[in-house]
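Working notes, structure below.
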Amino acid sequence: MVRPVSSKRARLAYEQFMRHLAGYLDRPEQIPCLGRNRGDWTNDQDQHAIARAVAGCRTCPLLTECRQYAKASLEPAGVWGGVPAHVRRPIVAKLDAA
């Protein structure tokens, strides 16, 4: 699930990510998180699912755009751009508290 985009930087990253993603909607098999194991990208508890998602991201043509979006929007959950939530979460919590 995508967080509401609040900052200008996050909005621009979101728009860029969505533009690139739209180019693959006719061939979703090239985007691993849209495939049959898409639940792996939203599972923050199962370490095997997280590892599969991170590995899947390595083959994704949108890896850079996805990672930039997650960084700009401070996504708190799931695997985004090959980075699992437990790696991003401390950063997001620190910034949300500020």
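The shown structure was predicted, so the numbers you read here are calculated from the model rather than taken from an experiment.
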* Is the backbone N or O of D40 less than 3.5 Å from a side-chain atom of N37, with the two atoms forming a donor-acceptor pair by type? -> no
* Asked: What class does the angle between the rings of Y69 and F17 fall in, given that below 30° is parallel, 30 to 60° is tilted and above 60° is perpendicular?
  -> parallel
* **From C33, P32, C57, residue fulfilling side chain to side chain contact (heavy atoms under 4.5 Å, CB included) relative to V79** => C57
* To do: Enter the distance from H20:NE2 to E65:CD here, rounded to the nearest 0.5 Å.
  => 4.0 Å
* Asked: Which pair of heavy atoms, one from Q68 and one from A13, lies closest together, and at what distance?
  -> O-CB, 4.0 Å
* To do: Kindly compute the distance separating SG (C66) from NZ (K71), expressed to the nearest 0.5 Å.
  => 13.5 Å
* To do: Taking all heavy atoms of I50 and all of P84, pick out the closest pair and write down the distance.
  => CG2-CB, 3.6 Å
* Asked: Does E29 reach the side chain of R36, with side-chain heavy atoms less than 4.5 Å apart?
  -> no
* To do: Please report the closest heavy-atom contact between P61 and I31, naming both atoms and the distance.
  => CG-CD1, 3.9 Å
* To do: Would you indicate whether the side-chain heavy atoms of L63 and R58 approach each other to under 4.5 Å?
  => no
* Identify whether V54 and V87 are in the same connected component of the hydrophobic contact network (ILVMFWY, side-chain heavy atoms under 4.5 Å). => no
* When you measure from the side chain of R38 to the backbone N and O of G35, does any donor-acceptor pair fall under 3.5 Å? -> yes
* Atom pair CZ (R11) and OG (S73), whose distance is rounded to the nearest 0.5 Å -> 12.5 Å
* Point-to-point distance, once rounded to the nearest 0.5 Å, from OG1 of T42 to CH2 of W80 -> 10.5 Å
* Shortest non-hydrogen separation from G56 to W41 and the atoms involved -> CA-CZ2, 4.1 Å
* Asked: So, does R88 use its side chain to make a donor-acceptor pair with the main chain of V83 at under 3.5 Å?
  -> yes
* Asked: Distance-only, no hydrogens or angles: does the R52 side chain make a donor-acceptor pair with backbone N or O of Q47 under 3.5 Å?
  -> no
* Asked: Taking all atoms of both residues into account, what is the closest heavy-atom pair of D26 and P28, and its distance?
  -> C-CD, 3.5 Å
* Say you draw a straight line from OH of Y14 to CZ of R19; how long is it, rounded to the nearest 0.5 Å? -> 11.5 Å
* Structure fact -> All heavy atoms of D44 vs all of A85, minimum pair found to be OD1-CB, 3.6 Å
* Kindly compute the distance separating CG (L21) from CD (Q16), expressed to the nearest 0.5 Å. => 12.5 Å
